[in-house]
Amino acid sequence: MLQVQFIRDNKEEVIKQLQVRNVAASIIEEVISLDEERRALQAQLDNTLAESNKLSKEIGGYFKSGDVEKANELKAQTGTLKETSKTLSEQLNEKSDALTNLLYKIPNIPHPSVPAGNSEDDNEEVLKEGEVPKLAGDALPHWELAKKYDIIDFDLGAKITGAGFPVYKGKGARLQRALIAYFLDKNTAAGYTEYQVPHLVNEASGYGTGQLPDKEGQMYHIGADDLYLIPTAEVPVTNIFRDEIVSENDLPICITGYTPCFRREAGSYGAHVRGLNRLHQFDKVEIVRVEHPDNSYKALDGMVAHIQGILRELKLPYRILRLCGGDLGFTSALTFDFEVYSTAQERWLEISSVSNFETYQANRLKLRFKDENGKSVLAHTLNGSSLALPRVLAGILENYQTPEGIKIPEVLVPYTGFDMIS
RNA sequence: GGAGAAAUGGCAGAGUGGUCGAAUGCGGCAGUCUUGAAAACUGUUGAGGGUCACACCUCCGGGGGUUCGAAUCCCUCUUUCUCCGCCA
C-alpha cells in the first residue's frame, strides 16, 4: 500500500497520477482526513497515558516510602484517566483500521511512462522480435498436437480433478521438467539464488504481497487450516522479507524459484481458455528482486533483457508490451508483459509479466534497509516470470511443429535428451 | 495425535510487579593507539508513532485479562525444543 506520509506530502501529485488508473480524488481526500483524525486521537491518547504513567510512578514512590494514605488518594484519580484512555484507544483503533482498509483499496501510483488506457487494447508495444514460422496449411493448435502425440491429457486431468488440471505424459512430462531446469539454470547463471518455498501460505503472507484482501476469490483457500494455495511463487518468496530490515550492502537480493501455481480463475470460459491457455494449476519459474530505490528501474530493464535472452535462445517469436493504466496490476508501478506468438491459434499468449512495485509491497511487508545514515528506508521489490510453462509449451508445440513431428528447441535438447516428439 | 518445557534487542543470555526499552558478553559503527592492520582502550549501537526540534507515547512471540503500575501474574493462540505415537 501507499505510505500515508507520502500521500500527505504529495497530495495533488498523487491525485493526478492516480487518475491514470481512474481512482477518484475523493478517496485521497478521505485518506488525508482520516489520517488527521487518527493523529489527533493518537496525541490525545498519548497525553492521557503520559499522565497516568506519571501518577503510577508517584504512587509507587509513596508505597515505597510507606505513605499509604497519600498513595490511595492518588489511586482514586486514576479511574477517569483509565476510562478516557480506553475510549480513546478504541476510537483510535477504529480510525486506524478504517485508514488501513482504505489504503488497501488504493492501487500503486503508475510510473510516468505508463500510457493512459482502459484495457489491454491500449497497451503499448515496445518491441517485436523473432520470426513467425510459416506453417503448413494443416497446422494444428497445441491441444490437437497434445492429443496427436499423446503428451498432454486434458480429459484425464478433468477426471482426476477437474477442468484446468492437465496431465502431462511421457515426452510431454519430460519437456516440462526440461523447461523448469533450463529456466532455473538461466536464472542462477544470471545471479539469482534458487529457493524452494512452500506452496501454501498463511493469511499474513497473502496481505504482504497484496493478494488479500481484494483478490481473495482468485486463490484456493484451505478452510480447515486457513491457508491459501499460492497463485505464484511471488507470494512465498517476497514474504521471506516480511518484517525484515536488511543491510544496504545486501542489495540487490535476487531469488529464483520454481513452484506450481494455483488459480481459481472463476468466470473464465470460452475458446481463450482452451488447452494450455488458462489453467487452474500450472508451473512457473519466478524471479524476484529486492532493490535499492535508486536502482530499481535499471534492475527492471535488466530483468526484461534477461527474459529476452531466454526467448531468443528458445527462438520463439515474441513481443514486449508496456501495460497501460487500465491493464496495470493493482500493486505495480510499471509492468512489461511478454507475449509469444501462437502460430496455429494466430494470437499472442502472455508468458511473462515483469513488474516494479517500488515501495508498494515493501510498505505492506515492512521490508526496509538501513541506509548510510542508519535510517530505515523502504526497499523496492520487483518480480517477473521466467517463465510460465504452459504457454511457452504451447508456443513450442505450435511453432516447432513439422510434418515429421515437433522439433525440440536446440537449447532444450541437453535437458530433454531427445530432439523430436513424433 | 498425547505429555512436558520454552519464546527477551543482529546473535548469545540476565531480569525482584514499580526510574526496565531492558544487565552482561559477542557482533556492528566511530574514535584513540599504529606506517597500515590486529590487539587493547573509549564511546556508540532495536523498531514504530509524534514534534521544526524536544517532550511524550507504543512495542520483551500474537491476542485478551488482573493491577494505580506487567518483560515479570492469569487466560488463549502460534511457534520451537524434549519424550511417546504415527509416518514419506
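No experiment lies behind these values; they were computed from the predicted model shown. Protein chains get the first letters and strands the later ones, always in sequence-line order, with residue 1 at the start of each.
Rounded to whole angstrom, the span from the CG atom of A:Asn249 across to the C1' atom of B:rG10 amounts to 14 Å. To the nearest angstrom, C1' of B:rG69 lies 15 Å from CD of A:Gln77. Separating the CZ atom of A:Phe369 from the P atom of B:rG10 is a distance of 18 Å, rounded to the nearest angstrom. When rounded to the nearest whole Å, the span between CD of A:Glu203 and C1' of B:rC77 equals 14 Å. Per the geometry, CG belonging to A:Leu367 stands 13 Å off P belonging to B:rG48, to the nearest Å. Separating the OH atom of A:Tyr62 from the P atom of B:rU19 is a distance of 17 Å, rounded to the nearest angstrom. Atom pair A:Lys366:NZ and B:rC59:C1' shows a separation of 11 Å (rounding to whole Å applied). Atom pair A:Asp243:CG and B:rG48:C1' shows a separation of 12 Å (rounding to whole Å applied).
Residue contacts shown for A:Asn53 are limited to sugar-phosphate atoms, with no base heavy atom under 4.0 Å away. Using a 4.0 Å heavy-atom cutoff across all strands shown, A:Ser56 reaches at least one base atom of the nucleic acid. Nucleic acid contact class of A:Ala50 (heavy atoms, under 4.0 Å, all strands): sugar-phosphate only.
Taking every side-chain heavy atom of A:Leu49 into account, B:rU58 is the closest of B:rC68, B:rG49, B:rU58. In the set B:rC57, B:rU51, B:rC68, the nucleotide with an atom closest to the side chain of A:Asp46 is B:rC57. Listed nucleotides: B:rG18, B:rG69, B:rG49. Nearest to the side chain of A:Arg38: B:rG49.
Under the Watson-Crick or G-U wobble criterion, with both distances below 3.5 Å, B:rG1 is paired with B:rC84. Nucleotide B:rG43 is matched to B:rC29 when pairs are restricted to Watson-Crick or G-U wobble geometry with both distances under 3.5 angstrom.
In summary, A:Asp155 and A:Lys159 do not engage in a salt bridge, as defined by a charged side-chain N under 4.0 Å from a carboxylate O. Using a cut-off of 4.0 Å between Lys/Arg side-chain N and Asp/Glu carboxylate O, A:Lys169 and A:Asp150 are scored as salt-bridged. A salt bridge between A:Lys11 and A:Glu29 is present, with a side-chain N of the basic residue lying under 4.0 Å from a carboxylate O of the acidic one.
For B:rG48, one of the phosphate oxygens OP1 or OP2 lies less than 4.0 angstrom from a side-chain nitrogen or oxygen of A:Arg368. Residue A:Ser376 places at least one side-chain N or O under 4.0 Å from the OP1 or OP2 atom of B:rG48. Taking only side-chain nitrogens and oxygens, A:Arg39 never comes nearer than 4.0 Å to OP1 or OP2 of B:rC57. At the phosphate of B:rU19, neither OP1 nor OP2 sits under 4.0 Å from any side-chain N or O atom of A:Lys54.
Aromatic rings of A:His380 and A:Phe357 (six-membered ring for Trp) have centroids beyond the 6.0 Å cut-off, not under it.
For B:rG49 and B:rU44, the C1' atoms lie 24 Å apart once the distance is rounded to whole Å. The gap from the C1' atom of B:rC84 to that of B:rU67 amounts to 41 Å, rounded to the nearest Å. Using P as the reference atom, B:rG27 and B:rU80 are 31 Å apart when rounded to the nearest Å. Spacing of P atoms, B:rC68 relative to B:rG61, comes out at 24 Å, to the nearest Å. Taking atom C1' in both B:rU35 and B:rG43, one finds a spacing of 26 Å when rounded to whole Å. B:rU82 and B:rC75 have their C1' atoms separated by 25 Å, given to the nearest Å. B:rG9 and B:rC81 are spaced 22 Å apart, taking the C1' atom of each and rounding to whole Å.
With RNA chain B read from its 5' end, the first of the two nearest nucleotides for A:Lys82 and A:Gly61 is the one closest to A:Gly61. In terms of position along RNA chain B, the nucleotide closest to A:Asn47 lies nearer the 5' end than the nucleotide closest to the other residue of the pair A:Asn47 and A:Leu55.
A 6.0 Å sphere centred on CD of A:Glu313 holds more than 12 heavy atoms belonging to other residues, nucleotides or ligands.
By the 30° and 60° cut-offs, the orientation of the rings of A:Tyr220 relative to A:Phe262 is perpendicular.
A donor-acceptor pair shorter than 3.5 Å cannot be found between the side chains of A:Ser332 and A:Asn108.
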